[in-house]
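Notes follow once the structure below has been shown.
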Amino acid sequence: MKEKYLDLLAQKYDTEEKVVTEIINLEAILDLPKGTEHFVSDLHGEYQAFQHVLRNGSGKVKEKIRDIFKQELSEEQINEFAALVYYPEEKLQLIRDGFNNKQELNEWYENMIDRMIQLISYASSKYTRTKLRKALPKQFVYIIEELLYKNNEFTNKKHYYSTIVQKVISLGQADKLIIGLSYTTQQLVVDHLHVVGDIYDRGPEPDKIMEALINYHSVDIQWGNHDVLWIGAYSGSKVCLANIIRICARYDNLDIIEDVYGINLRPLLNLAEKYYGDNPAFRPKRPSDRLSEQEVLQITKIHQAIAMIQFKLEMPIIKRRPSFNMSNRLLLEKVDYGKSEIMIQGKKYKLDNTCFATVNPEQPDQLLEEEKQVMNKLLFSVQHSEKLARHMDFLIKKGTLYLRYNGNLLIHGCVPVDEKGKMEKMVIDNKTYAGRELFDIFESYLRQAFRNPEETDDLATDMVWYLWTGEYSSLFGKREMTTFERYFIKDKETHKEGKNPYYYLREKEEICRAILEEFDLDPDQGRIINGHTPVKEIDGENPVKANGKMIVIDGGFSKAYQSTTGIAGYTLLYNSFGMQLVAHQHFSSKEDVLRNGNDVLSVKRLVDEELERKKVLETNMGEKLLQEINMLNGLMRYRYMK
Ligand SMILES: O=P(O)(O)OC[C@H]1O[C@](O)(COP(=O)(O)O)[C@@H](O)[C@@H]1O
Ligand SMILES: [Mn+2]
């Protein structure tokens, strides 16, 4: 077996020199400082704000510009330069419009190209030349390398370089070069991106975020509860599908379903028009000015129709899966339809804003024939949307339920524990799981559901819905989801969703250490990185918990939640010098950055400083490279050193 493998390897490295070169190359990489990891979470469809954080590398781009140019450029010029690197196409347009003389513009080009080359040279100092080359715009690699490796000490060469730049300008290529250099800079400041869940729901453009991630140079995703809801819908779960449409209606985002993913809502609208009227509890949350009263009414009707379908669809699942332990959510059975009341935990509540026209009180879990047909059509449409297929494929390919990366544990929600901090157990298919094993079995069910989209009611598909809303789901982390109560009961007491004890126990170092150990990570070195719960900076909450073992970075991108956090949330950077938490102020708009240089105010907070600069050798990637080196050494002995 081993020899066969080495023979295969020898096809790629077919000369002694090739093997030696690769070994030396890999050894050199191991000795370089580790690349910068960038952590973001809870993007919730806010593409513009996300783009900004991505393009400015949570402040890294400006930091590098400042490092090099603080002596020669004013703060205003630094902001201008940074805006150019973030949004080169638009900024160039503005700059060009500002010049009325070609000569001056050309001087500006020459200056700018020179500065950008300096910036790239600085930002790439911890990479090999090969890696830098891969990040350069393809059509300009030769030119940029000539400019990069110039040596100003030999002034006779200066003329040569100036000639190159002037040629680029006179041939009308300056804009393209600057744009290419800007994207290279963005790529160099962040080596790898982690998205700690919740790309979808609430905001208007999750699809654009997906496209940006698909095009990003290096990324992994830890699924959030909202992401698995979309995966569930695509995998055949009708209840997940009802949920995503309900949330889109609630946030006035039905465009995503109809226009972006091409899913026909007409059958649902017809049903909605037939059975529902206006209802204050179901009006969209942030109706925009672009909506007419008629459109608001339409959305309100769709919202009710799909919410009622959702409540009905939940019931058979709860009944066929006793281990989900959700029988208290069989709410439609607890309603007194005559009196419009409900009994919850022994207490009677009045129901308001009800819309039970399609409910048969004798059999409240029964869908009308029309409702069934609507759901079948919707599911067909969802499973045949090419764009959705591409996005869901990517989520599955790059995503996991949790990730161990460079010694840290990345999870969107929580590790379900009891009050004492012991991992909660769940019985699935007659076997008991807890801790890491529970995560692994959840993930394998999700993948199974995705592989079998034609199965709509099997355990795997039901399990995806459980991940959205179940008590021991690592993504949800709450006792129950009180959607029904939020729509129909005034008393806010019933809206509470009791959190898993994890959310107060994670303040304790020993709990976090135990979790890290459960995931086979070194508790002295590792940390847990969490998303999901907005950090209420307003109330003095600290995102760094448990003596630094726990970092909560809910990005707070979601506009709907910014009033509860007081800021626009956090992102995290982890480079060879240590970890830095970045607090972002509310993002106004791209135009504001472009015109006024008003970058989001990002305040850095040091989480931890490495005593010695961390090298690639000490990372996940380093481990892989070491294995490769070992194999190449093996090949060397086997083939060439006889
Ligand atoms: O803010 P909305 O639209 O009422 O949604 C509230 C629901 O969202 C959830 O908070 C889940 O979403 P998050 O993962 O963003 O917290 C549920 O627990 C809750 O019922
Ligand atoms: Mn979440």
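Owing to the predicted nature of the structure, the values given are computational and were not obtained by experimental measurement. Just so you know, ligand 1 is whichever comes first in the structure, and atom 1 is the first atom listed for that ligand.
- The N/O atoms of Tyr251, backbone and side chain alike, include one that comes under 3.5 Å of an N/O atom in ligand 1.
- At least one N, O or S atom of Asn225, from either the backbone or the side chain, sits less than 2.8 Å from the Mn ion (ligand 2).
- Between NE2 of His412 and ND1 of His532, the angle at the Mn ion (ligand 2) works out to 90°, rounded to 10 degrees.
- In terms of N/O distances under 3.5 Å, ligand 1 is not approached by Thr483.
- Between atom 10 (O) of ligand 1 and the options Arg486, His44, Lys478, the minimum heavy-atom separation is to Lys478.
- Below 3.5 Å of separation, one finds an N or O of Arg250 facing an N or O of ligand 1.
- Using bins of under 30°, 30° to 60° and over 60° for the plane-to-plane angle, the ring pair Phe484/Phe311 lands in the perpendicular bin.
- When heavy-atom distances to ligand 1 are checked against a 4.0 Å cut-off, Asp198 comes that close only through its side chain, counted from C-beta outward.
- The contact set between ligand 1 and Met481, taken as ligand atoms under 4.0 Å from a residue heavy atom, comprises 20 (O).
- In summary, Asp42 places no N/O/S atom under 2.8 Å from the Mn ion (ligand 2), failing the contact criterion.
- Here the rule is ring pair (Phe, Tyr, Trp, His ring centres under 6.0 Å) with Phe356, and of Tyr275, Tyr276, Tyr337 only Tyr337 fits it.
- Between Thr482 and ligand 1, no pair of N/O atoms sits closer than 3.5 Å.
- Aromatic ring orientation, Phe439 versus Tyr402: perpendicular (interplanar angle above 60°, classes split at 30° and 60°).
- Ring geometry for Phe282 versus Phe488: interplanar angle of 30 to 60°, hence tilted.
- The shortest N or O to N or O distance between Asn225 and ligand 1 is under 3.5 Å.
- Taking the six-membered ring where tryptophan is involved, the planes of Phe324 and Trp465 are tilted, since the angle between them lies from 30° to 60°.
- Within ligand 1, the atoms closer than 4.0 Å to a non-hydrogen atom of Lys285 are 1 (O), numbered from 1 in the order shown.
- For Asp198, the N/O/S atom at the shortest distance from the Mn ion (ligand 2) is named OD2.
- Listed by number with element, the atoms of ligand 1 under 4.0 angstrom from any heavy atom of Phe476 are 18 (O).
- Tested against Tyr200, the residues Trp223, Tyr251, Trp468, Trp230 include a single ring pair (Phe, Tyr, Trp, His ring centres under 6.0 Å) partner, Trp230.
- Ring geometry, His391 versus Tyr261: the interplanar angle exceeds 60°, so the pair is classed perpendicular (tilted spans 30 to 60°).
- Atom OG of Ser327 is separated from atom CZ of Arg321 by 15.5 Å, given to the nearest 0.5 angstrom.
- Ring pair His52/Phe557: centre-to-centre distance not below 6.0 Å.
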